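Only one structure is covered here, and it is reproduced in the block below.
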Amino acid sequence: MKYRFVIILLSILILSSCEFANNSYQPDLDKWEKYKWILNKKLRNNINSGYTEYKKDASFNFIRYNESNQLVIWELKNHNYVSIDSIQFYENKNLINFVFHPGITFNAKGFLQTSVRNNSDLNIDLHLNLDSDSKIYEYINKDKVKGIIGKVSQMSLSDETGYHQVLFDFPIRSYNVATLFFKRDDSFFILILFPDDGLVKDKLKDLNLPELNE
């Protein structure tokens, strides 16, 4: 009986470890390279650095190219059910009390700190919320791409109830940012482009996204 109990306990611990590994982001220095396709071919050799945080069904990638342009590519696999048309954008939201524990912060010492709650699920009714120090300049509303161009200090992703699951924070200064949402195959993508010179609209041509022209 004693040995049987030990076996059962070990089995539970192994299953829990596997579940934790599947649902927890892990760092990687090379996986971002499979996302170079998001840039036009002439720019793919001008990537200066990159890194990835990944788990079983998601990959958060940061790329810096042409020395002064930053791009986040966040792929959420098996999220094809997310409706692009239902994404809503809001300004002047209070994000000061955002609590993500338990969770993880990507790029904790970088330009864009991204905090994600554990077991967060970006569902069908997705909201992008900007704080009072941010401003939307322009909406992007194509058939297959939706997004905004604006000045961002902080922004969050929440569900229709206002439950915040992800916080994007520029701790040093605000950036002119393009935030785009689109789908490919069974994946849902979130792109965040923020160049140092602030000319973010001009940098949209750097992206290999024919959906922007449809």
Side-chain angles (χ1 to χ4, degrees), residues 25-40 43-55 58-76 89 91 93-101 103-117 120 122 128-138 140 147-158 164-182 189-209:
Y25 281 91
Q26 306 293 326
D28 189 275
L29 297 178
D30 300 316
K31 289 184 181 295
W32 63 269
E33 294 192 16
K34 66 175 286 190
Y35 293 90
K36 291 194 293 186
W37 61 266
I38 199 67
L39 290 173
N40 287 321
L43 294 173
R44 293 174 193 173
N45 291 327
N46 296 337
I47 296 175
N48 308 110
S49 60
Y51 78 90
T52 298
E53 299 276 355
Y54 74 98
K55 62 179 183 176
S59 181
F60 181 96
N61 307 274
F62 179 89
I63 289 174
R64 185 176 180 89
Y65 69 97
N66 278 357
E67 301 293 343
S68 59
N69 302 313
Q70 292 76 225
L71 178 63
V72 167
I73 311 109
W74 196 356
E75 180 184 11
L76 301 167
F89 304 97
E91 296 177 284
K93 291 293 185 179
N94 184 0
L95 304 179
I96 294 176
N97 296 321
F98 179 90
V99 178
F100 70 95
H101 297 288
I104 186 173
T105 297
F106 307 143
N107 201 27
K109 297 181 179 180
F111 297 109
L112 175 58
Q113 298 174 2
T114 304
S115 300
V116 185
R117 293 182 189 273
S120 62
L122 305 179
L128 181 69
N129 311 284
L130 278 66
D131 73 348
S132 59
D133 292 324
S134 303
K135 179 67 177 177
I136 296 174
Y137 297 147
E138 183 178 335
I140 297 171
I148 60 164
I149 294 174
K151 182 189 75 170
V152 175
S153 175
Q154 287 185 325
M155 60 184 179
S156 78
L157 293 172
S158 68
H164 300 286
Q165 302 186 49
V166 179
L167 179 69
F168 302 101
D169 180 22
F170 291 95
I172 301 174
R173 66 176 178 89
S174 299
Y175 272 84
N176 286 341
V177 169
T179 304
L180 305 176
F181 303 90
F182 69 97
F189 286 86
I190 302 170
L191 297 188
I192 303 175
L193 174 63
F194 55 107
D196 288 345
D197 62 12
L199 302 176
V200 64
K201 191 170 183 178
D202 293 344
K203 303 300 191 301
L204 290 178
K205 66 180 184 299
D206 294 346
L207 302 178
N208 179 30
L209 278 182

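All values below come from the heavy atoms of this structure, side chains included, with hydrogens, waters and symmetry mates left out. Note that the structure is a prediction, hence the values are computed from the model and not measured.
When side chains are defined from C-beta on, Leu130 counts as touching Ile148, because their heavy atoms get closer than 4.5 Å. Within the 4.5 Å cutoff, the side chain of Phe168 has no heavy atoms near those of the Val72 side chain. In this structure, the side chains of Val200 and Tyr137 stay at 4.5 Å or more apart for every pair of heavy atoms. A heavy-atom distance below 4.5 Å is not found between the side chains of Glu67 and Asp196. With a 4.5 Å cut-off on side-chain heavy atoms, Ile192 and Val152 do not count as touching. Side-chain atoms of Ile38 and Phe189, non-hydrogen and from C-beta on, never get closer than 4.5 Å to each other. Side-chain contact between Ser134 and Lys151 is absent, with no heavy-atom pair separated by less than 4.5 Å. The shortest side-chain heavy-atom distance between Lys36 and Ile47 falls under the 4.5 Å cut-off.
Glu33 CD to Lys31 NZ: the interatomic distance, rounded to the nearest 0.5 Å, is 11.5 Å. Summarising the geometry, atom OG1 belonging to Thr114 is positioned 10.0 Å from atom CD belonging to Glu53; distances are rounded to the nearest 0.5 Å. Rounding to the nearest 0.5 Å places CG of Asp133 at 14.5 Å from CZ of Arg173. From Lys93, atom NZ reaches atom OG of Ser156 across 9.0 Å, with rounding to the nearest 0.5 Å. Interatomic distance, Asp131 CG to Ser174 OG, rounded to the nearest 0.5 Å: 7.5 Å. To the nearest 0.5 Å, atoms CG (Asn129) and CG (Leu95) are separated by 6.5 Å.
Nearest approach of Asn48 to Asn66, heavy atoms of both residues: OD1-N, 3.3 Å. Smallest separation of non-hydrogen atoms from Trp32 and Thr52: N-OG1, 2.8 Å. Residues Pro195 and Tyr175 come closest through the heavy atom pair O-CD2, 3.8 Å. Scanning all heavy atoms of the two residues, the minimum distance from Trp37 to Arg44 falls at O-NH2, 3.3 Å. The two residues Gln70 and Phe194 come nearest to each other via the heavy atoms NE2-O, 2.7 Å. For the residue pair Tyr25 and Trp74, the shortest heavy atom distance occurs at OH-NE1, 3.2 Å.
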May I have the step-by-step check of side chain to side chain contact (heavy atoms under 4.5 Å, CB included) for Leu71 and Leu39, ending in yes or no? CA-CA 10 Å; Leu71 178 63; Leu39 290 173; 4.1 Å; yes
Evaluate Leu112 against Val177 for side chain to side chain contact (heavy atoms under 4.5 Å, CB included), listing each step before the verdict. CA-CA 11 Å; Leu112 175 58; Val177 169; over 6 Å; no
For Asp169 and Gln113: C-alpha separation, side-chain torsions, deciding distance, then whether side chain to side chain contact (heavy atoms under 4.5 Å, CB included) applies. CA-CA 5 Å; Asp169 180 22; Gln113 298 174 2; 4.1 Å; yes
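Taking the six-membered ring where the residue is Trp, Phe89 and Phe181 present tilted rings, their angle falling between 30° and 60°. Aromatic ring pairs are classed by plane angle as parallel below 30°, tilted from 30° to 60° and perpendicular above 60°; the pair Tyr51 and Phe60 is tilted.
No option in Ile190, Leu193, Ile140, Ile149 other than Ile140 meets the side-chain contact (heavy atoms from CB on, under 4.5 Å) test with Leu180.
No more than 12 heavy atoms of other residues, nucleotides or ligands sit less than 6.0 Å from atom CD1 of Ile96.
When ring centroids are compared, Phe62 and Phe106 stay outside the 6.0 Å threshold.
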